[in-house]
Amino acid sequence: MSDKSKMFLKDLKNEFSLNTHQAHEMIHNFHKEMEMGLAGEKSSLKMLPSFICPPKGTEKGIFLAIDLGGTNLRVLAVKLLGDGVIETVGVSRFAISNEVMTGTNDMFFDFIVGCIKTFFDENHITQNKYSLGFTFSFPVIQSSIDRGVLISWTKGFSVSGVEGRDVVGLLNHALIRNKMESIHISAILNDTVGTLAAGSYMDPLCHMGVILGTGTNACYSEKIKNIKKLDNLICSDEMIINMEWGGFDRLERNIYDETVDKNSQNPGEQRLEKMVSGMYLGEIAKTVIIHMIENGYILSRGLQSMFEEPYNLTTEQLSHLSSGVDIFKKSGIHIAEKDREIIREIACIVSKRSARIAATAIAAVVQWIDPHLHNHHHIAIDGSLFEKYSGYKENMQSMLEEIFGDLAKKITLKLTHDGSGIGAAVVSAIEAHKRS
Ligand code: BGC
């Protein structure tokens with residue numbers, strides 16, 4: 001690698017760094033935004049009440065769930081055995097096409113109902129009266145557990161006629177339209193809430209759910225008295241709050257972040273998400289690579305043409321690049337050894353910052369719940385970035401150690417696979433329990 005390239009990468013590391021001092025500052029600002037969000041004041045953290053209290057682990061029965069996240073929709077049937085044990089009875093996965101993601105609301109909700117029908121066929125379920133939990137991984141304002149108005153789409157979705165409307169109502173209409181009205185939607189919830197519900201059903205030390213996948217977000221269990229904006233009468237001590245932390249906007253951005261934001265579907269919004277989540281990491285890395293090609297630091301031909309289409313460098317490919325795998329060979333593009341080394345560095349720099357921001361945000365929430373870390377905290381985490389990106393979890397852990405020193409041992413980052421869907425069934429069970 002030339003000296004010029006080495007210098008460039010050194011500067012790049014600085015531009016993508018989050019040192020311990022900055023992390024403490026971020027935690028301070030996070031707390032301020034949390035407080036304002038909970039009070040109903042203008043804040044980049046929406047702090048949305050979910051109307052769901054944490055499960056007890058004793059709920060029982062078979063429940064259905066739909067999990068609509070980023071690129072996939074899953075339909076599940078889940079059996080809760082009542083002693084913290086969960087069994088998945090059936091699960092079907094469906095890819096969401098670009099046409100559905102950007103089409104009309106009728107098309108979108110008919111697609112969801114179609115998936116439920118296919119799931120019934122595949123699992124030989126004859127239609128019966130079922131309670132269904134609906135995990136809908138977008139910012140929604142709830143006025144009850146089964147009513148949620150979409151604030152705005154994120155992660156590249158732009159289905160028309162849904163923003164500002166009750167998503168449960170729209171799904172109910174589609175169920176009626178398709179003669180499936182025997183299904184009762186008992187709850188709408190965010191994927192983080194599902195992840196936490198699944199995590200805490202199995203583990204009483206779990207008070208926080210995090211998604212680190214296509215998008216990113218977190219939720220935690222908050223004392224009712226701290227949720228100042230809540231005016232409904234609630235007869236429980238705690239409620240899960242969907243933070244929508246992807247919107248946190250008090251982070252310093254560099255020119256690459258600004259370029260990705262400017263070219264995105266929602267400029268100016270979801271600033272933390274655009275620095276952390278899987279959907280955007282590839283885009284950031286590509287923006288750096290293209291800059292280096294244009295300035296003559298990377299010389300291998302053919303690379304630029306591979307990156308012409310937006311959002312075509314996936315988290316999985318980026319993770320391979322971080323580990324030094326040559327993903328370009330398959331497409332017949334020869335990349336010189338020294339250029340591959342540069343690209344590997346870029347992939348590491350971009351993902352390391354993502355992990356450090358995510359860990360700092362977790363630290364902020366843990367410190368909010370338990371300022372002196374008297375207790376142990378298990379964090380239920382789902383998402384491909386956390387699960388599959390090589391070195392990601394380790395980078396998060398070392399950031400937690402920088403922030404908390406030895407006390408970081410009290411925080412356990414736990415992969416809660418498929419939690420968002422399973423959790424919807426758990427929430428459905430909590431509701432059924434309340435009604436019985
Ligand atoms: C959405 C959140 C969601 C997160 C993870 C974000 O884009 O706004 O509601 O929890 O993605 O899926």
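Looking only at side-chain heavy atoms (C-beta outward), Phe16 and Ser351 stay at 4.5 Å or farther from each other. For the pair His320/Ile327, a side-chain contact is recorded, criterion being any heavy-atom separation below 4.5 Å from C-beta on. For the pair Ile422/Leu76, a side-chain contact is recorded, criterion being any heavy-atom separation below 4.5 Å from C-beta on. Residues Lys352 and Ile349 have side chains not in contact (no heavy-atom distance under 4.5 Å, counting atoms from C-beta outward). Side chains of Arg253 and Asp261 form a contact here, defined as non-hydrogen atoms less than 4.5 Å apart. At a threshold of 4.5 Å between non-hydrogen side-chain atoms, the residues Lys42 and Met36 do not count as touching. For the pair Thr118/Val75, no side-chain contact is recorded, criterion being any heavy-atom separation below 4.5 Å from C-beta on. Side-chain contact check for Asn190 versus Val140: every heavy-atom pair is 4.5 Å or farther apart.
Heavy-atom contacts from other residues, nucleotides or ligands closer than 6.0 Å to CZ of Arg165 number 12 or fewer. No more than 12 heavy atoms of other residues, nucleotides or ligands sit less than 6.0 Å from atom CD of Glu316. More than 12 heavy atoms of other residues, nucleotides or ligands sit less than 6.0 Å from atom NE2 of His31. Around the NZ atom of Lys46, the shell of radius 6.0 Å holds more than 12 heavy atoms that belong to other residues, nucleotides or ligands.
Judged purely by distance below 3.5 Å, without hydrogens or angles, the side chains of Tyr389 and Ser384 never pair a donor atom with an acceptor atom. A donor-acceptor pair shorter than 3.5 Å cannot be found between the side chains of Asn19 and Ser17. Looking only at atom types and distance, the side chain of Ser420 has a donor-acceptor partner in the side chain of Asp67 under 3.5 Å away. Defined by atom type and a distance below 3.5 Å, a donor-acceptor pair is missing between the side-chain atoms of Asp382 and His417. Glu163 and Ser152 share no side-chain donor-acceptor pair at under 3.5 Å. For the residue pair Tyr256 and Glu258, no side-chain donor N or O sits within less than 3.5 Å of a side-chain acceptor on the partner. Between the side chains of Ser92 and Glu122, at least one donor N or O sits under 3.5 Å from an acceptor N or O. A donor and an acceptor atom, one from each side chain of Asn217 and Asn242, are located under 3.5 Å apart. Residues Ser323 and Ser390 have side chains that bring a donor and an acceptor to within less than 3.5 angstrom of each other.
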*Between Lys13 and Glu345, is a salt bridge (Lys or Arg N to Asp or Glu O under 4.0 Å) present by the stated rule, with each step listed?*
CA-CA 9 Å; Lys13 267 190 194 150; Glu345 280 272 333; 3.7 Å; yes
*Decide side chain to side chain contact (heavy atoms under 4.5 Å, CB included) for Leu81 and Lys60; before the verdict, give the C-alpha distance in whole Å, the side-chain angles of both, and the deciding distance to 0.1 Å.*
CA-CA 5 Å; Leu81 300 178; Lys60 278 187 189 171; over 6 Å; no
*Under the salt bridge (Lys or Arg N to Asp or Glu O under 4.0 Å) rule, what do Lys228 and Glu35 come out as? Steps first, then yes or no, please.*
CA-CA 9 Å; Lys228 303 255 164 32; Glu35 201 172 338; over 6 Å; no
_What verdict does the side chain to side chain contact (heavy atoms under 4.5 Å, CB included) test give for Ile411 and Ile379, after you've listed the backbone C-alpha separation in whole Å, the side-chain angles of each residue and the deciding distance to 0.1 Å?_
CA-CA 7 Å; Ile411 302 176; Ile379 320 292; 3.9 Å; yes
*asked:* For a side chain to side chain donor-acceptor pair (under 3.5 Å) check, start with the C-alpha distance between Tyr220 and Glu222, then their side-chain angles and the critical distance, and finish with the verdict.
replied: CA-CA 6 Å; Tyr220 70 102; Glu222 179 61 277; 2.6 Å; yes
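Without hydrogens or angle criteria, Gln367 side chain to Ala364 main chain gives no donor-acceptor distance under 3.5 Å. Between the Lys229 side chain and the Gly37 main chain, a donor and an acceptor come within less than 3.5 Å of each other. A donor-acceptor pair is defined here as one N or O able to donate and one able to accept, closer than 3.5 Å; such a pair exists between the side chain of Asp370 and the backbone of Asn375. A donor-acceptor pair is defined here as one N or O able to donate and one able to accept, closer than 3.5 Å; such a pair exists between the side chain of Asn123 and the backbone of Phe119. Listed for the Thr416 side chain is no donor-acceptor partner under 3.5 Å among the backbone atoms of Gly419. Counting only distance, with no hydrogens or angles, the side chain of Ser43 and the backbone of Glu33 share a donor-acceptor pair below 3.5 Å. When atom types are taken as modelled, the side chain of Thr287 and the backbone of Glu283 share a donor-acceptor pair closer than 3.5 angstrom. Of the possible donor and acceptor atoms, one in the side chain of Tyr201 sits under 3.5 Å from a partner among the backbone N and O of Glu59.
Of the charged side-chain nitrogens involved, none lies within less than 4.0 Å of a carboxylate oxygen, so that Lys274 and Glu269 do not count as a salt-bridged pair. With salt bridges taken as basic N to acidic carboxylate O contacts below 4.0 Å, none links Asp257 and Arg271. Lys409 and Glu401 are not joined by a salt bridge, as no carboxylate oxygen comes within less than 4.0 angstrom of a charged side-chain nitrogen. The pair Asp237-Lys225 fails the salt-bridge criterion, with no side-chain N (NZ, NE, NH1 or NH2) lying under 4.0 Å from an Asp/Glu carboxylate O.
Counting all heavy atoms, side chain and backbone alike, Cys219 lies closest to Ile240 at SG-CG2, 3.7 Å. In terms of heavy-atom proximity, Phe63 sits nearest to Ser428 at CD2-CB, 3.8 Å. In terms of heavy atoms, Ser200 sits closest to Pro55 at OG-CD, 3.3 Å. Glu238 approaches Ile224 most closely through the heavy-atom pair N-CG1, 3.7 Å. Of all heavy-atom pairs spanning Ile116 and Leu132, the tightest one is CD1-CD1, 4.3 Å. Across all their heavy atoms, Ile403 and Ala363 have their closest contact at CD1-CB, 3.9 Å.
Ring planes of Trp153 and Phe108: perpendicular class, angle over 60° (limits at 30 and 60°).
A distance of 11.0 Å separates OG of Ser354 from CD of Glu273, quoted to the nearest 0.5 Å. In this structure, Ile241 CD1 and Ile227 CD1 are separated by 3.5 Å, a value rounded to the nearest 0.5 Å. Rounded to the nearest 0.5 Å, atoms CD1 (Ile362) and CZ (Phe30) are 9.5 Å apart. One distance of note links CZ of Phe94 with CD1 of Ile112; it measures 11.5 Å at 0.5 Å rounding. Atom OG of residue Ser186 and atom CG of residue Asp146 lie 8.0 Å apart, to the nearest 0.5 angstrom. Here CD1 of Ile141 is found 10.5 Å from CZ of Arg147. Values are rounded to the nearest 0.5 Å.
A ring-centre distance under 6.0 Å is not found for Phe386 and Tyr392.
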Listing, residues 83-91 side-chain donor-acceptor contacts under 3.5 Å, not counting sequence neighbours, or none:
none

Could you give the side-chain donor-acceptor pairs of residues 205-216 under 3.5 Å, partners two or more places apart or in another chain?
from: Thr216; atom 1: OG1; to: Ile211; atom 2: O; distance (Å): 2.8
from: Thr216; atom 1: OG1; to: Trp245; atom 2: NE1; distance (Å): 3.1

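For Lys32, there are no salt bridge (charged side-chain N to carboxylate O under 4.0 Å, His left out) partners at least two apart in sequence or on another chain.
A cation-pi contact, defined as under 6.0 Å to the ring centre and within 45° of the axis, is absent between Lys410 and Phe404.
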